[in-house]
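If you're wondering where the values come from, they're calculated on a predicted model, not measured in any experiment. A, B, ... follow the sequence lines: proteins, then strands. Residue 1 opens every chain.
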Amino acid sequence: MNGMDIDEAAAFEQWESASQDRRPLSERAAAPAPYLDSLNPDQRKAVEALEGPVLVLAGAGTGKTRALTTRLAHLIHTRRAWPSQILAVTFTNKAAREMKERIGDLVGGTVEGMPWLGTFHSICVKILRRHAELAELKSTFTILDTDDQIRLIKQLLAAENVDEKRWPARLFASMVDRWKNRAQGPGQVPPDECGFANGRGAEFYQLYQDRLRVLNAVDFGDLLLHVVQIFQKNPDVLADYQNRFKYILVDEYQDTNVAQYLWLRLLAAEHRNICCVGDDDQSIYGWRGAEVGNILRFERDFEGAEVIRLEQNYRSTPHILAAASGVIAANKDRLGKTLWTDANEGEKVRLIGHWDGDEEARWIGEEIEAYQRGTRGHAARGLDDMAILVRASFQMRAFEDRFLTIGLPYRVIGGPRFYERMEIRDAMAYFRVAVSPDDGLAFERIVNTPKRGLGDKAQQSINWVARQHGVTLLEAARISAESGEGMTKKAAKGLGELVAQFDRWHVELAAPGANHVEIAGRILDESGYTAMWQVDKSPDAPGRLENLKELVQALEEFENLQGFLEHVSLVMDNDSDEPGEKVSIMTLHGAKGLEFPCVFLPGWEDGLFPSQRSMDENGVKGLEEERRLAYVGLTRAQDHLTISFAANRHIYGRWQSSLPSRFIDELPGNHVEVLTPPGLYGGGFGASAPGAGGYGAAATASPSGEPEGSVLEERAAQASTYNSPGWRRMAARRGEHGLGQPREARNLVVDAQAASRFEVGTRVFHQKFGYGNITEIEGDKLTVAFEKAGDKKVVASFVTEARATGGADDVPF
DNA sequence: CATCAGAATGTTTTT
DNA sequence: CATTCTGATG
């Protein structure tokens with residue numbers, strides 16, 4: 001493979017010429033590396049342990065990215081590898097971009113010469129385009145987004161006469177996703193997971209893959225699956241890449257799924273210089289295929305691996321760190337790290353209970369304004385320094401409402417992204433067909449948008465024609481429009497016009513010197529798409545038109561439409577944000593990797609956080625992931641951290657009362673200050689009963705010297721005024737579990753017995769759903785027909801067998 | 001084939 | 001509560 005060497009030399013030269021260091025390479029290599037001096041000993045170890053497998057366990061805020069980028073720079077600086085011989089993978093485009101920038105800063109130049117720094121997916125696209133024929137694809141394959149994927153599956157299910165109500169396309173899509181995350185092809189699906197459409201799961205998977213191949217298309221999961229399979233089946237291709245990548249670096253290793261893990265293992269087999277950076281305590285994406293096991297197993301999988309722990313935290317105060325450590329310590333499955341800091345003690349973590357969610361939002365609004373003014377002896381803070389991190393996005397609304405009424409500027413991070421909006425996808429479907437007339441899925445999307453009188457029947461007819469004649473959908477549409485078969489006259493006319501328009505646009509785009517921006521704008525106008533929204537009287541129509549304008553403007557930055565479409569399919573970024581100081585509101589998931597001086601963590605109530613659903617569906621594993629999520633939230637805070645919960649919450653139009661999160665029990669009391677909510681007679685949480693003290697009764701928690709004591713236990717022990725129903729119920733629950741006994745320990749014990757303990761028909765009790773009868777058992781998952789809540793799937797460990805008389809679970813209220 | 005009213009149904013998200 | 005999806009009407 002001589003071509004590759006030339007590639008690399010060229011890339012390296014390009015990189016070299018961009019560098020500002022004009023000394024000869026040999027001199028530079030010998031020169032001391034100044035960037036090493038700013039590292040602590042552990043970070044330095046992580047940077048200098050270049051040979052062999054290395055696992056860097058980097059706790060939150062320990063300078064992980066810094067170590068990683070410095071390591072990369074060091075590899076290049078010491079001339080161990082050319083930039084093109086280093087594979088550096090991240091999960092998000094944002095992370096990849098940041099890494100590029102930081103390496104650029106370190107080595108003093110651009111890193112155009114680092115062709116293999118990117119996300120798993122973008123690197124796989126690159127590899128797959130080179131070897132497409134090995135996956136029976138053409139190198140021009142298109143990447144389907146989720147919408148297209150669903151549409152394709154719906155077609156397939158319809159063709160196979162599957163009742164879409166019983167077997168939804170979404171369900172099948174998620175199953176395919178799960179299989180691909182584990183790098184399983186249609187032939188490798190475990191038989192017990194083929195339940196879809198009465199045991200035809202694997203069969204449909206095969207059909208789906210066949211259809212993708214015919215369309216010359218892949219979905220996101222395919223990008224990894226195909227590449228892994230190419231590597232497995234073609235040792236020569238694999239060997240080529242194994243030799244090329246002398247060094248491999250992986251960021252956020254705890255988030256890798258099985259397919260990514262296999263991919264890495266294959267690539268690292270030759271040089272074995274693989275360095276994975278991650279934090280098992282921050283693994284929060286198990287629900288989308290990430291395997292914490294990958295990081296827990298690293299030492300076994302890569303023999304002789306060196307494990308380096310980064311434990312010095314540069315982000316948070318000791319109180320905040322202690323709170324986070326206290327919570328995460330309750331998890332069983334972890335490699336174990338102890339974060340420390342030499343920062344000043346700072347302020348304790350604040351905990352406050354509120355009567356309801358609105359009051360919580362109101363109070364946090366006031367606190368934010370107080371930070372802004374710099375009261376309580378603190379320096380004034382900007383709104384950019386503050387963040388509210390919630391478990392689920394519906395919690396954001398309460399804050400948005402409140403902040404709108406008091407005029408507090410805020411930004412919501414992680415809403416629907418620009419390229420996921422309906423109008424943008426529609427517009428892009430027009431572009432796609434104009435660029436590649438054989439893109440049937442795109443054509444299908446817009447064939448009746450705006451309305452052209454083509455309903456289900458007409459579209460089916462076009463599909464049928466396409467199959468009969470073995471032509472693309474666009475050609476079938478042309479034939480149908482001419483014959484007028486299977487549709488009204490009006491529809492045939494509209495369809496004929498559309499086909500003619502696409503013909504014209506396609507020619508115009510292909511013409512030399514075509515102005516793709518102008519043509520794109522015209523496509524939207526001439527197709528009637530713009531007009532559709534101009535006529536639309538719904539309140540969001542103007543915004544959509546605005547978005548379309550923005551889309552056309554964004555085209556300016558690209559050479560042509562093809563380039564733009566390629567970019568969009570992989571880089572779905574959405575950085576547009578008006579400037580100005582704003583409070584950030586985001587989910588805990590969205591906050592990973594970020595930090596803020598002042599952090600609010602509202603909604604710490606059992607059932608909401610930890611989420612009931614996580615616990616029901618995944619049992620102890622789910623609870624542990626929720627706890628890691630709590631850990632991620634806590635460790636985002638630099639100086640000020642406030643946790644809060646509400647006794648009552650207006651959820652889905654219904655008032656729901658809940659208990660404080662069990663994670664609050666796990667906060668070490670001597671690092672927490674319990675606040676009194678203002679404006680309440682007698683206190684906050686649980687103040688419904690006259691004379692109840694609630695949280696307000698006492699000032700600071702726990703006499704120091706009693707480590708790891710639970711905040712709530714201490715509060716309950718100190719005050720005799722905790723007579724409210726909530727407190728009594730909580731006390732009852734605690735008694736049931738045994739004081740100080742971690743709850744999950746009990747669940748584990750039950751887990752072991754669970755499967756054998758129940759049988760179909762057994763009457764059981766569930767904390768949230770009440771009584772019901774078991775209708776189905778699948779491993780440790782039970783389907784229960786609850787008397788009040790209806791049919792639910794729950795993990796066996798979360799129900800107990802119901803006894804005739806009210807047992808310990810039947811808590812008096 | 002489009003439109004409207006009623007029912008169902010609500011995590012977390014990247015590529 | 002609010003959004004999305006379904007199915008029965010014009």
Side-chain angles (χ1 to χ4, degrees), chain A residues 89-96 118-125 143-146 149 164-165 168-170 174 177 180-181 218-225 252 255-257 259-260 283-290 357 389-398 401 413-417 419-420 422 448 450-460 486-491 494 538 540 567-574 586-593 603 607-618 622 625-626 628-630 632-633 649-656 789-790:
Chain A
V89 244
T90 63
F91 271 85
T92 62
N93 291 300
K94 193 173 154 222
T119 63
F120 276 102
H121 293 268
S122 66
I123 288 168
C124 281
V125 171
I143 302 161
L144 300 191
D145 59 37
T146 337
Q149 199 188 353
E164 243 259 57
K165 263 179 279 169
R170 296 212 158 273
S174 70
D177 223 45
K180 289 186 178 175
N181 282 339
V218 297
D219 61 24
F220 282 118
D222 275 339
L223 292 174
L224 269 138
L225 178 69
E252 306 279 16
D255 288 339
T256 50
N257 60 33
Q260 288 156 340
S283 165
I284 54 176
Y285 286 109
W287 49 273
R288 68 177 196 212
L389 313 181
V390 297
R391 171 68 246 260
S393 41
F394 69 76
Q395 293 172 261
M396 294 178 178
R397 251 203 59 176
D401 285 353
I413 295 179
R417 280 165 303 169
Y419 290 111
E420 269 165 20
M422 192 207 323
N448 199 32
K451 298 272 189 297
R452 295 187 177 90
L454 294 138
D456 268 358
K457 259 203 204 138
Q459 290 187 42
Q460 267 167 29
M487 62 190 72
T488 62
K489 278 217 176 78
K490 197 177 133 222
S538 69
D540 49 341
H567 171 83
V568 168
S569 62
L570 277 179
V571 187
M572 293 275 212
D573 274 1
N574 177 24
M586 65 183 101
T587 64
L588 288 161
H589 284 93
K592 198 170 87 161
L608 181 58
F609 187 45
S611 133
Q612 192 62 47
R613 203 156 152 181
S614 279
M615 294 188 291
D616 287 342
E617 285 174 6
N618 299 305
E625 183 153 311
E626 294 285 307
R628 290 192 291 268
L629 201 47
V632 167
R649 208 169 273 281
H650 200 53
I651 282 179
Y652 303 140
R654 205 141 288 266
W655 281 100
Q656 202 181 293

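Glu252(A) has its CD atom 14 Å from the C1' atom of dT13(B), to the nearest Å. For Gln460(A) and dC1(B), the CD to C1' distance is 13 Å, given to the nearest whole Å. Between Ile284(A) atom CD1 and dT12(B) atom P the separation is 13 Å, expressed in whole Å. Atom CG in Asn181(A) sits about 17 Å away from atom P in dT13(B), given to the nearest Å. Summarising the geometry, the separation between CG on Leu389(A) and C1' on dT12(B) is reported as 13 Å, rounded to the nearest angstrom. Following rounding to the nearest Å, Arg654(A) (CZ) and dA2(C) (P) show an atom-to-atom distance of 14 Å. In this structure, CZ of Phe91(A) is placed 13 Å from P of dT14(B), rounded to the nearest angstrom. We find that NE2 of His121(A) is positioned 17 Å from P of dT13(B), with the value rounded to whole Å.
Each of Leu224(A), Asp222(A), Leu225(A) was compared with Cys124(A) under the side chain to side chain contact (heavy atoms under 4.5 Å, CB included) criterion, and only Leu224(A) meets it.
With sequence neighbours excluded, the residues satisfying side-chain hydrogen bond (donor to acceptor under 3.5 Å, both in side chains) with Arg391(A) are Glu626(A). The side-chain contact (heavy atoms from CB on, under 4.5 Å) search around Thr146(A) returns Gln149(A), not counting sequence neighbours. The side-chain contact (heavy atoms from CB on, under 4.5 Å) search around Thr90(A) returns Ala95(A), Ala96(A), Met99(A), Thr119(A), Asp251(A), not counting sequence neighbours. Taking the side-chain hydrogen bond (donor to acceptor under 3.5 Å, both in side chains) definition, one finds that Asn181(A) meets it with Asn257(A), sequence neighbours left out. Listed by chain and residue number, nothing satisfies the side-chain hydrogen bond (donor to acceptor under 3.5 Å, both in side chains) test with Ser283(A) (two or more places apart in sequence, or in another chain). For Arg397(A), the side-chain hydrogen bond (donor to acceptor under 3.5 Å, both in side chains) partners two or more places apart in sequence, or in a different chain, are Asp401(A). In terms of the salt bridge (Lys or Arg N to Asp or Glu O under 4.0 Å) criterion, Arg170(A) has no residue partners (sequence neighbours excluded). Judged as a side-chain contact (heavy atoms from CB on, under 4.5 Å), and not counting sequence neighbours, the contacts of Tyr652(A) are Phe394(A).
Rounded to whole Å, the P atom of dT12(B) lies 16 Å from the corresponding atom of dC5(C). dT6(C) sits 24 Å from dT11(B) when the C1' atoms are compared, rounded to a whole Å.
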side-chain contact (heavy atoms from CB on, under 4.5 Å) assessment of Leu588(A) paired with Phe609(A): CA-CA 11 Å; Leu588(A) 288 161; Phe609(A) 187 45; 3.9 Å; yes
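A residue-by-residue look at Gly486(A) and Ile413(A) shows that Gly486(A) has its nearest nucleotide of DNA chain B further toward the 5' end. DNA chain B is contacted by both His589(A) and Leu223(A); His589(A) maps to the nucleotide lying nearer its 5′ end (nearest heavy atom per residue).
Taking 4.0 angstrom as the limit, Ser122(A) places none of its side-chain polar atoms (N or O) nearer than this to OP1 or OP2 of dT15(B). Between dT14(B) and Asn93(A), no contact under 4.0 Å exists linking OP1 or OP2 to a side-chain N or O. Taking only side-chain nitrogens and oxygens, Arg417(A) never comes nearer than 4.0 Å to OP1 or OP2 of dT13(B).
Between Glu625(A) and Trp287(A), some side-chain heavy-atom pair lies under the 4.5 Å cut-off.
Under a 3.5 Å cut-off, the side chain of Asn448(A) and the backbone N or O of Leu454(A) do form a donor-acceptor pair.
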Using Watson-Crick or G-U wobble pairs with both distances under 3.5 Å, give me DNA chain B in dot-bracket, 5' to 3', with [ ] for crossers and | for pairs to another strand. ||||||||||.....
Tabulate protein N/O versus nucleotide N/O from nucleotides 2-8 of chain B, keeping only pairs under 3.5 Å, one per line.
none

At a cut-off of 3.5 Å, list every protein nitrogen or oxygen paired with a nitrogen or oxygen from nucleotides 3-9 of chain C, distance to 0.1 Å.
residue, atom, partner, partner atom, Å
dG7(C), OP1, Lys165(A), NZ, 3.1

Give every pair of a protein N or O atom and an N or O atom of nucleotides 9-11 of chain B that lie under 3.5 Å apart, one pair per line with the distance.
residue, atom, partner, partner atom, Å
dT11(B), O4, Ser614(A), N, 3.3
dT11(B), O4, Ser614(A), OG, 3.0

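Listed nucleotides: dT15(B), dT12(B), dA2(C). Nearest to the side chain of Arg397(A): dA2(C).
When heavy atoms are screened at a 4.0 angstrom cut-off, Ala458(A) is found touching the sugar-phosphate backbone but no base atom.
The minimum heavy-atom distance linking Leu223(A) with Val218(A) is given by the pair CD2-CG2, 3.8 Å. The minimum heavy-atom distance linking Asp219(A) with Lys180(A) is given by the pair OD2-NZ, 2.7 Å.
Relative orientation of the His589(A) and Tyr285(A) rings is tilted, given thresholds of 30° and 60° on the angle between their planes.
dT13(B) has no base stacking with the ring of Tyr285(A) when judged by centroids under 5.5 angstrom apart and an interplanar angle below 30°.
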